[in-house]
Amino acid sequence: MPELADVEIIRQRLEKALGGATITAAQSNDRRILRPQTPLSFTRALVGRTVEEVGRSGKWLRLELDDGTRLFSHLGMTGWWVEHERDDPKQKAERARIDFARDDGRESSVRYVDSRRFGRLIAAKDEIPEWIALGPDPLVDGIDVKKLAVALARSRRAVKDAVMDQSILAGIGNILAIEALWHARIDPRSSSDALSRADVGTLARGLKTALRRELKARAGATRPDEWQDVFSVYGRAGAPCPRDGSPIARIVIGGRTTTFCRTCQIRRS
DNA sequence: CTCTATGTTTAATT
DNA sequence: GAATTAAACATAGA
C-alpha cells in the first residue's frame with residue numbers, strides 16, 4: 001500500500017494514537033525487518049520512552065522519542081500500522097508491536113503488519129543514511145519547479161525513472177509517477193533532460209493533482225487494499241484513456257510496469 | 001503451475 | 001567511473 005498518501009495517512013493516525021504516549025512494551029522477532037538490530041536492542045531502545053512527534057519524509061516515518069531516540073519505519077511494499085487494543089491477539093503477518101499508555105491510564109497498542117517483509121524498523125540515536133539521502137518532500141516542502149528542473153536536467157534517464165528517484169523528490173512511487181505523467185501529458189519514456197521548463201511546471205502540477213486525489217481516496221481507507229477506481233491509467237492497460245479513448249499501453253521502465261496513453265502523452269525525446 | 005504486485009538494494013553488464 | 005539493467009528479497013492473490 002505505500003504510496004506517499006498512504007504513508008501520510010498512517011503518519012497522521014500514529015501521531016494521534018502515540019503522540020504524548022509512553023511506550024510500555026515493544027517487540028519484534030523479525031530480524032529481516034529489524035536489520036541490523038536485534039529484537040533485544042529494539043525493545044531496549046523503546047520501552048519507557050515517550051513519543052514526542054511522528055514525522056515523515058517521503059515513504060519514511062520517523063517517531064521522535066523523549067531521549068533523542070528515533071524510530072524509523074519504512075513500509076516496503078506491504079507494510080501497514082494498525083491500531084489495536086492491548087490484549088488483541090497477534091494479527092496475520094504481524095511483525096512488530098508497540099504497546100503504550102496515556103496519562104489517563106488507558107493502554108493500547110499499534111501493530112506493524114507486513115506480509116512480504118520488505119519494510120524496515122530501525123531505532124537509532126542519529127538520522128539514518130536513507131533518511132538523509134531523501135530529496136524534498138512534496139507535502140512537507142512543496143515542489144520547487146526551478147530545483148526540480150535542475151535535477152531533471154542532470155539525467156538522461158527516462159523522466160519516470162527520474163521522478164521516482166527518492167533523492168530528487170521524496171515519496172514519488174510507481175503509481176504517482178504514472179498518474180502524474182498522464183495528467184501532464186508527458187510520455188514516461190521521455191529523456192529527463194529533454195523537458196522544457198514549462199514541461200517541468202506541468203509535471204509538478206500533475207504530481208500535485210495525483211497526490212491530492214490519492215490523499216482524498218485514502219483518507220477513509222482502513223485496510224491496505226481500499227483503493228481501486230481512483231486511477232486514470234495505473235492498472236488500466238488495454239482500457240480506454242479517460243482523455244481520448246485510445247487504449248492504454250503497458251511497458252516496463254526501470255523494471256517497473258508503466259501504463260500510459262500513446263496518443264495524448266507526448267514524447268519530448 | 002504462472003504471472004503480478006504499492007519498494008529498495010545489490011550484483012552484473014554495457 | 002558512470003549509467004543501465006536484471007535479479008533479489010518474501011508473500012499473497014488472481
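In what follows, every chain begins at residue 1, and chains take the letters A, B, ... in the order their sequences are listed. Heavy atoms only: backbone and side chains are in, while hydrogens, waters and symmetry mates are out.
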Show, in sequence, the C-alpha distance, side-chain angles and deciding distance for A/Ser192 and A/Arg156, and conclude whether the side-chain contact (heavy atoms from CB on, under 4.5 Å) test is met. CA-CA 5 Å; A/Ser192 175; A/Arg156 263 139 292 160; over 6 Å; no
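For A/His74, a side-chain nitrogen or oxygen approaches OP1 or OP2 of B/dT8 to under 4.0 Å. Phosphate contact (OP1/OP2 of C/dA12, side-chain N/O of A/Thr78, threshold under 4.0 Å): absent.
Proximity of a side-chain donor or acceptor of A/Asp137 to a complementary backbone N or O of A/Gly58 within less than 3.5 Å is detected.
Checked against B/dT8, B/dA5, C/dC9, the side chain of A/Met77 finds its nearest nucleotide in B/dA5. Residue A/Gln166 places its side chain closer to B/dT8 than to any other of B/dT9, C/dT11, B/dT8. Set against C/dA12, B/dG7, B/dA5, the side chain of A/Ser115 has C/dA12 as its closest nucleotide. Side-chain proximity of A/Tyr234 to the nucleotides B/dG7, C/dT11, B/dA5 is greatest for B/dA5. Comparing C/dA12, C/dT4, B/dT4 against the side chain of A/Arg156 picks out C/dT4 as the nearest. Between C/dT11, B/dG7, C/dT4, one nucleotide has an atom nearer to the side chain of A/Arg157 than all others, and that is C/dT4.
A/Asp88 and A/Arg86 are not joined by a salt bridge, as no carboxylate oxygen comes within less than 4.0 angstrom of a charged side-chain nitrogen. For A/Glu52 and A/Arg70, the salt-bridge test fails: no basic side-chain N is under 4.0 Å from an acidic carboxylate O. Between A/Arg154 and A/Asp193, no side-chain nitrogen of the basic residue sits less than 4.0 Å from a carboxylate oxygen of the acidic one, so the salt-bridge criterion is not met.
Atoms CZ (A/Arg256) and P (C/dA7) sit 16 Å apart, rounded to a whole Å. A/Ile178 places its CD1 atom 12 Å from the C1' atom of B/dA5, with the value rounded to the nearest Å. For the pair A/Asp165 CG and C/dT4 P, the interatomic distance rounds to 11 Å; values are reported in whole Å. B/dA5 atom P lies 18 Å from atom CG of A/Asp114, rounded to whole Å. Spacing between atom CG of A/Asp161 and atom P of C/dA6 amounts to 12 Å, rounded to whole angstrom units. Taking atom OH of A/Tyr112 as the reference point, atom C1' of C/dT11 lies 13 Å away to the nearest angstrom. Here B/dG7 presents its C1' atom at 13 Å from CD of A/Glu130, a figure rounded to the nearest Å. Taking atom CD1 of A/Ile251 as the reference point, atom C1' of C/dT5 lies 15 Å away to the nearest angstrom.
Under the 3.5 Å distance criterion, with hydrogens and angles disregarded, a donor-acceptor pair is assigned to the side chains of A/Asp114 and A/Thr78.
Note on A/Gly173: only backbone sugar-phosphate atoms sit closer than 4.0 angstrom, heavy atoms only; bases stay farther off. Counting non-hydrogen atoms under 4.0 angstrom, A/Arg250 reaches the backbone sugars and phosphates but no base. At the heavy-atom level, A/Arg32 lies under 4.0 Å from the strands shown only through sugar-phosphate atoms. Base contact: A/Arg116 has a heavy atom under 4.0 Å from a base atom.
Stacking here means ring centres nearer than 5.5 Å and ring planes tilted less than 30 degrees, and by that measure A/Phe118 does not stack onto B/dT8.
For the P atom pair drawn from B/dA11 and C/dA10, the interatomic distance equals 15 Å after rounding to whole Å.
Pair assignment for B/dT10 gives C/dA6, based on Watson-Crick or G-U wobble hydrogen-bonding distances that are each under 3.5 Å.
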